[in-house]
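Throughout, protein chains are lettered first and strands after them, A, B, ... in sequence-line order, and every chain is numbered starting at 1.
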Amino acid sequence: MFHIFKYRFICFIKDKTILFWSLLFPIGLATLFFFAFSNLGSESNLDVIKVAVVDNGNKDFNAVVEELSKEGDNQILDATYTSEKKAKKLVKDGEVEAALVSSDKPTVLYRNDTLETQILKEVVQSYLRINATVNTIANENPQKMNDMVITDLIENKVLVKDYGSNAGSSDPTMQYFYTIIAMTCMYGGFWGLKSISDTQANQSDRAIRLNIAPTHKMKLVFIDYLVTFTLMVVELAITFAYLILVLGVDFGSYFPQVIGVSLCGVLMSLGMGIMIGCISKLKENTNITIISMGSLFSCFLAGMMASNMPYILNQSVPFIKYINPATLITNSFNMLYYYEDISPVYINMAILVGMGIIALIISYNVLRRKAYASI
Amino acid sequence: MIVEIKDLVKYYGDFKALDHFNLEVKDGEILGLLGPNGSGKTTTINCLLALLTHEEGTIKIFGKDMTASSYDIKKDIGVVMQNVAVFEELTVFQNVDYFCGLYISDRKQCQQYVEEALTFVGLNDYKKKYPKELSGGLLRRLNIACGIAHKPKLIILDEPTVAVDPQSRNHILENIQELNKKGATIVYTTHYMEEVEQLCDRIIIMDSGKEIASGTKEVLKNSIQVKEKIKFEMDALEDDVLVYIKGHKDVNDASFKNQLLEIEVTKNNGLLLELLSYFKENKIDFNKVYSETPTLNDVFLEITGKELRD
């Protein structure tokens with residue numbers, strides 16, 4: 001068995017195309033994200049933004065505006081409270097950059113889209129996100145709530161004080177790096193697909209030779225599974241090492257669980273790749289496209305292109321977070337970062353492993369009965 | 001019998017690829033399966049190896065029914081396929097070692113077999129080369145080594161010399177004869193009649209999924225009307241001379257085309273000498289004369305009206 005493992009490992013590791021997509025591409029993307037977002041948290045270059053504030057009764061948002069308007073090094077806003085009509089006039093006349101309407105769902109009114117209005121929009125989005133987080137905490141961990149929760153959340157104190165020291169800098173750009181890990185895991189599907197194409201007699205001449213050999217097909221598939229899992233572990237190790245040691249990404253103190261979640265993601269994606277290879281009657285290139293698009297879409301839903309996507313989906317289709325593999329992975333990372341009680345993470349891990357097992361069971365049943373009318 | 005195929009029927013959709021085809025291979029013989037492209041040779045082999053389903057018929061190897069999970073039968077079969085089936089990522093040595101290792105679990109024995117196989121096909125100097133660095137002929141030799149390294153009792157070769165240079169082809173044919181001398185039973189498919197004539201103890205000629213003739217090459221050649229072909233190279237020939245020749249009792253057919261007079265003789269009764277005398281008497285000049293015995297292509301042509309090679 002070892003000699004089959006050895007030679008299959010050599011075959012896999014020489015596939016430069018899959019190595020690029022599953023290792024170099026995520027690292028490259030992480031580097032791009034790092035340079036693109038590394039100054040987002042920095043406020044030192046920002047001037048105070050003049051805004052008109054329309055108080056429509058959202059006390060929480062008013063408190064946010066007050067906090068951001070406090071004089072000092074951290075002041076972002078220079079707020080003028082007025083009516084909506086006057087606020088619109090001030091915006092029109094250019095006397096303020098924009099108007100913030102403090103209603104149940106705060107909005108930004110502006111004339112020209114500038115860097116300052118982008119920041120104001122991000123403030124509103126951050127408020128909505130934090131508000132959603134607070135509601136979640138209130139529902140799931142009500143004992144952690146206190147009167148100062150809004151202010152402390154803005155200053156990120158409560159996350160450090162009440163949720164243990166597992167939280168680091170709580171950088172909002174972390175979501176992007178989490179999705180990169182999720183993408184690396186998802187690209188295990190390529191390896192799964194490649195492994196199965198070498199056992200399907202209608203997909204390659206080498207597979208014909210393997211089908212003629214007196215070695216059980218399942219044994220070959222199992223060995224390939226071990227090989228690709230080993231390969232993915234190495235790739236993840238390299239990716240994590242790069243993110244942590246080179247880019248300085250902080251995954252918090254539940255790092256063993258972070259690794260555990262990643263490995264569960266790998267088990268799932270390898271199984272999915274094998275299943276697609278077994279079931280699909282399409283050509284190999286088409287299957288590769290399916291896996292590629294599927295992985296990217298999954299990461300998109302997890303917030304890779306738009307960081308507020310998970311929040312949006314959570315409001316409209318909450319069940320997505322239980323079936324989208326990338327969301328399961330990134331949500332687990334978020335929970336490991338923010339929560340003290342990480343039991344939901346183990347549920348996510350179980351779902352991922354369950355998906356992988358179901359995919360393998362389906363693959364086994366298909367392979368077992370496979371007979372070719374033509375090759 | 002090592003191999004027994006009875007009444008094999010195989011459809012590809014509505015197309016009947018094999019039509020109640022029968023095949024028997026005796027222990028120790030080299031059986032040639034000869035036929036043009038599309039006659040069903042590869043389909044027969046794929047059904048024999050349980051790579052394809054079939055609609056009717058039985059297939060037995062070593063006296064047992066052959067199925068996809070007949071691992072006890074598979075361990076004694078070696079296959080050299082039409083297409084080169086090796087791993088581009090592995091060296092020559094690694095390829096043979098990998099495939100041999102699927103049959104032989106003892107690593108020491110396996111390594112010994114690998115060395116012997118590489119020596120046998122003449123690839124010792126190329127052990128560390130990768131398949132992309134080999135010529136077509138050497139690749140074919142690698143393909144053979146991967147199929148026979150484990151010293152199988154039954155070897156099936158499906159058109160192993162396609163697109164191969166003459167030197168490598170001769171090397172391959174010699175290898176096959178040597179394998180047979182060492183005790184292997186061989187099934188050899190090809191559309192090159194010269195190869196089956198050189199190699200095979202017994203030949204089955206197939207077309208459109210059916211056997212159309214079988215026997216040794218002598219039996220097959222004797223089964224057709226044409227016993228000899230006499231050819232004269234000449235610049236011109238009068239029509240009445242051609243009519244005379246065609247009318248001879250021992251002549252099956254005669255034609256004059258492209259300065260070549262071709263005469264198919266049904267009986268070897270000294271017609272050549274007769275023709276030489278006739279040409280001398282009538283002062284009919286010619287440049288060259290030669291005589292050929294019929295080929296398997298003639299057998300195929302007489303039975304089907306088609307050539308073996310398109």
Shortest non-hydrogen separation from B:F87 to A:D198 and the atoms involved: CE2-OD2, 3.9 Å
Using heavy atoms and a sub-4.5 Å threshold, report which of residues 265-288 of chain A line up against chain B, by residue number. none
Residues, nucleotides or ligands: over 12 heavy atoms within 6.0 Å of B:Y126 OH: no
Who wins among B:I73, B:L51, B:N83 for the most heavy-atom pairs under 4.5 Å with chain A? B:L51
Heavy-atom contacts under 4.5 Å, residues 211-229 of chain A to chain B: A:N211, A:I212, A:A213, A:P214, A:T215, A:H216, A:K217, A:L220
Which answer fits B:Y103, side chain, backbone, both or neither, if we ask what part of it has an atom under 4.5 Å from a heavy atom of chain A? both
Taking atom OG of B:S69 and atom CZ of A:R368, what is their separation to the nearest 0.5 Å? 11.5 Å
Tell me if the NZ atom of B:K6 is crowded by more than 12 foreign heavy atoms within 6.0 Å. no
Derivation of the side chain to side chain contact (heavy atoms under 4.5 Å, CB included) call for A:D205 and B:V84: CA-CA 7 Å; A:D205 294 315; B:V84 175; over 6 Å; no
Of the non-hydrogen atoms in A:I10 and B:E89, which two are nearest, and what is the gap between them? CG2-O, 4.0 Å
NZ of B:K16: more than 12 outside heavy atoms within 6.0 angstrom? yes
Crowded around B:K129 NZ? As in, over 12 foreign heavy atoms under 6.0 Å? no
Would you say the side chains of B:N95 and A:R206 form a donor-acceptor pair under 3.5 Å? no
Return yes when atom CZ of A:F297 has more than 12 non-hydrogen atoms of other residues, nucleotides or ligands closer than 6.0 Å, and no otherwise. no
Around atom NZ of A:K6, are there more than 12 heavy atoms from other residues, nucleotides or ligands closer than 6.0 Å? yes
Greater than 12 external heavy atoms within 6.0 Å of B:Y11's OH: no
Assert top hit (heavy-atom pairs under 4.5 Å, partner chain A, pool B:M81, B:E88, B:H54) equals B:M81
Measure the shortest side-chain to side-chain distance between A:K14 and B:Y130 over non-hydrogen atoms and say whether it is less than 4.5 angstrom. yes
With a 4.5 angstrom heavy-atom cut-off, is it the side chain or the backbone of B:L52 that approaches chain A, or both, or neither? both
Would you mind checking which part of B:L49 comes under 4.5 Å of any heavy atom in chain A, side chain (CB onward), backbone (N, CA, C, O), both or neither? side chain
Within the 4.5 Å heavy-atom criterion, are B:T53 and A:Y372 side-chain neighbours or not? no
Please state whether the side chain, the backbone, both or neither of B:C47 comes within less than 4.5 Å of a heavy atom of chain A. neither
Gap between atom CZ of A:R209 and atom CG of B:N143 - 0.5 Å precision: 4.5 Å
